[in-house]
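Written out below as structure tokens is the structure these notes cover.
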Amino acid sequence: MNNPKSIVIIGGVAGGMSAATRLRRLLEDATITVLERSGNVSFANCGLPYYVGGVIEERSALLLQTPESLFDRFRLDVRIHHEATAIDVARRVVAVRDLATGQESELAYDALVLSPGARAVRPPIPGIDRALTLRDIEDTDRMTEAIAGAGSAAVIGGGFIGLEVAENLRHRGLDVTVVEATDQVMAPLDPEMARLVADALEADGIAVRLGASAVEISEGGVRLADGDVVAADVVVAAIGVRPDTTLAAAAGIELGQAGGIAVDDELRTSAPGVWAVGDVIEKRRPDGTAGLVPLAGPANRQGRLAADSIAGLPVRNPRALGTAVVGVCGLQVAATGVTEKALRASGRPHRVIHTHPLNHAGYYPGASALALKLLVDPDSDAILGAQAVGASGADKRIDVIATAMTAGMTASELLDLDLCYAPQFGSAKDPVNMLGYLADNQHRGLVRTAQWHEVADLATHGAMLLDVRTVGEFAAGTIPGAVNVPLDEVRERLDEIPVDAEVLVFCAVGQRGHSATRLLAQAGRTVRNLDGGIKTWRAGVRARP
Ligand SMILES: Cc1cc2nc3c(=O)[nH]c(=O)nc-3n(C[C@H](O)[C@H](O)[C@H](O)COP(=O)(O)OP(=O)(O)OC[C@H]3O[C@@H](n4cnc5c(N)ncnc54)[C@H](O)[C@@H]3O)c2cc1C
């Protein structure tokens, strides 16, 4: 084991405090000093929106530790209202300002851990100072005070924090509008999945303005680029976060291409004796690129890993899948790995699978539909990413898939997973197993599929659109130009299905379409199944700007 005498940690929340407590468990004799600019350490940032919404009733529930409790248990020297203002990497010294007294001092270190997190992005538009952000307890107090007596709010940004804040302000009884500059909410999802989230927001009475750029914030609300004004007593900016690299950059510590601190596999920065963890660093993504993954799980794990590295234990910092979940208006929205839009943008070959299984056996009361999506490398069958949206069970499926990705399992191997089952919890063929069945069919070349965004092009090029749902379902609405031959009649009506043109089969969610596709392929037709059926196609078409 290494034996550093003096360890300084900048940032006393997720990554910083994980590092501090692990270090104490490894190095009982070291002096460990934690510098925290705000008035609190180890607070529950992820709970802040729910305190604003009144779901978490006690403010004290957000404060998990105090400097006193951390001293009593871990003998940590935790200094709140103390800001690190500069790092001299040559002298191994941190300059510190006591924000309460203004007093300046220096702290020498043998090992330094940077966990300063990220800062909320504030776009340079007139009136931006009126916008509230939500990063810490002080922000939370400001927001709670501002919404008291307010009737309406505009939340700029439809990412996960923006949507959590929007839902919680609605919960407080405010009229809420989400203003999002891109064409979809929830960037970690693809548009046809994100559309389901926007639907849930609107069903809850939250207005969603997509493709709407805020250009000015005034007393009356938010003015958009198209001239519209969203009236709002309170404006919240939740436009995203940027790694807080100010100190590191000034100290000459190397930054990466994505704008975070560059670290090696042991979370060491370019400066000797300096480690960095959490939102401030760049992570290795599943596709090998470096990216930013501002999430609590990686920050906590990296805090522990940096401590191990400082103590001289062997360390391996794994790829950051970016596994995340958010609750939005009764929906669970979860994702891991990369999106289809990112794969398309990078030109990387990929295969897409959509399914719409029930979260548990349909005959057991309370079953609800999930929208599940899997992204697969067509050559290696590796799992590249997954997304799930549904009232229940989305978190479990994404966690299972993230585990499979971490273990290096292929998409087809998802069918081998021996998952727990009883009717109130799942299905004998769990939705994750179903993804494995579908991936296996594709990997073996048993079925070809088409995506919702390919339908118009296929039809233009002469493909027959074959709706194999029932006559009643067809009459209630179909894809323009489709012909109806219900699955149970396909064998008898084969002569209606051309041999000299491509056939695109579809049903409600893809399951009957799969049976029809297999039947037609064996009957000599060139056939594809519409992945995710008309349900995915409808969501996709509605997601188009
Ligand atoms: C409202 C909200 C909800 C969230 N919800 C989720 C969620 O549900 N799931 C999830 O995975 N993630 C969530 N996150 C993200 C998660 O909280 C962060 O990814 C995680 O806290 C990052 O840990 P960190 O240690 O890098 O930074 P932080 O936990 O942000 O801690 C950094 C600390 O460093 C301090 N600091 C910065 N500079 C200095 C300096 N120079 N001197 C002294 N102190 C300094 C800051 O004051 C700050 O307290 C949420 C974040 C917010 C704000």
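Numbering of ligands and ligand atoms starts at 1, following listing order.
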**Request:** Apply the test salt bridge (charged side-chain N to carboxylate O under 4.0 Å, His left out) to residues Arg195 and Glu202: give CA-CA distance (whole Å), side-chain angles for both, the deciding distance (0.1 Å), then the verdict.
**Result:** CA-CA 11 Å; Arg195 186 60 243 173; Glu202 287 168 352; 3.2 Å; yes
Among all protein heavy atoms, pick out the one at the shortest distance from [atom]; state its residue, atom name and that distance to 0.1 Å.
atom                    : value
atom 32 (C) of ligand 1 : Ser115 O, 3.3 Å
atom 3 (C) of ligand 1  : Asn45 O, 3.4 Å
atom 31 (O) of ligand 1 : Val13 CB, 3.4 Å
atom 30 (O) of ligand 1 : Arg135 NH2, 3.7 Å
atom 43 (C) of ligand 1 : Arg37 N, 3.3 Å

**Item:** Whether Met17 lies under 4.0 Å from ligand 1, heavy atom
**Value:** no
Check ion pair [X]-[Y] (N to O, under 4.0 angstrom):
X      : Y      : result
Arg135 : Asp279 : yes
Glu28  : Arg75  : no
Asp190 : Lys341 : no
Asp139 : Arg142 : yes
Arg397 : Asp399 : no

Return the option from [options] holding the heavy atom at the smallest distance from [atom].
atom                    : options                      : value
atom 47 (O) of ligand 1 : Glu138, Glu36, Arg119        : Glu36
atom 14 (N) of ligand 1 : Gly303, Cys46, Gly327, Gly11 : Cys46
atom 18 (C) of ligand 1 : Val113, Asp136, Asp279       : Asp279
atom 11 (O) of ligand 1 : Ser42, Ala296, Pro116        : Ala296

**Prompt:** Quick one: which ligand 1 atoms are inside 4.0 Å of a heavy atom on Ala14?
**Reply:** 20 (C), 21 (O), 23 (O), 25 (O), 29 (O)
**Message:** Could you tell me, atom by atom, which parts of ligand 1 come under 4.0 Å of a heavy atom of Leu134?
**Reply:** 1 (C), 53 (C)
**Message:** Would Ala84 count as being in polar contact with ligand 1, using the rule that some N or O on each side must be under 3.5 angstrom apart?
**Reply:** yes
**Message:** Under 4.0 Å, heavy-atom basis, I'd like to know which part of Leu295 is in contact with ligand 1: side chain, backbone, both or neither.
**Reply:** both
**Message:** Measuring only between side-chain heavy atoms, which start at C-beta, is Met186 closer than 4.5 Å to Met193?
**Reply:** no
**Message:** A cation-pi test, strictly: NZ or CZ of Arg73 under 6.0 Å from the centre of the six-membered ring of Phe71 and no more than 45 degrees from its axis. Yes or no?
**Reply:** no
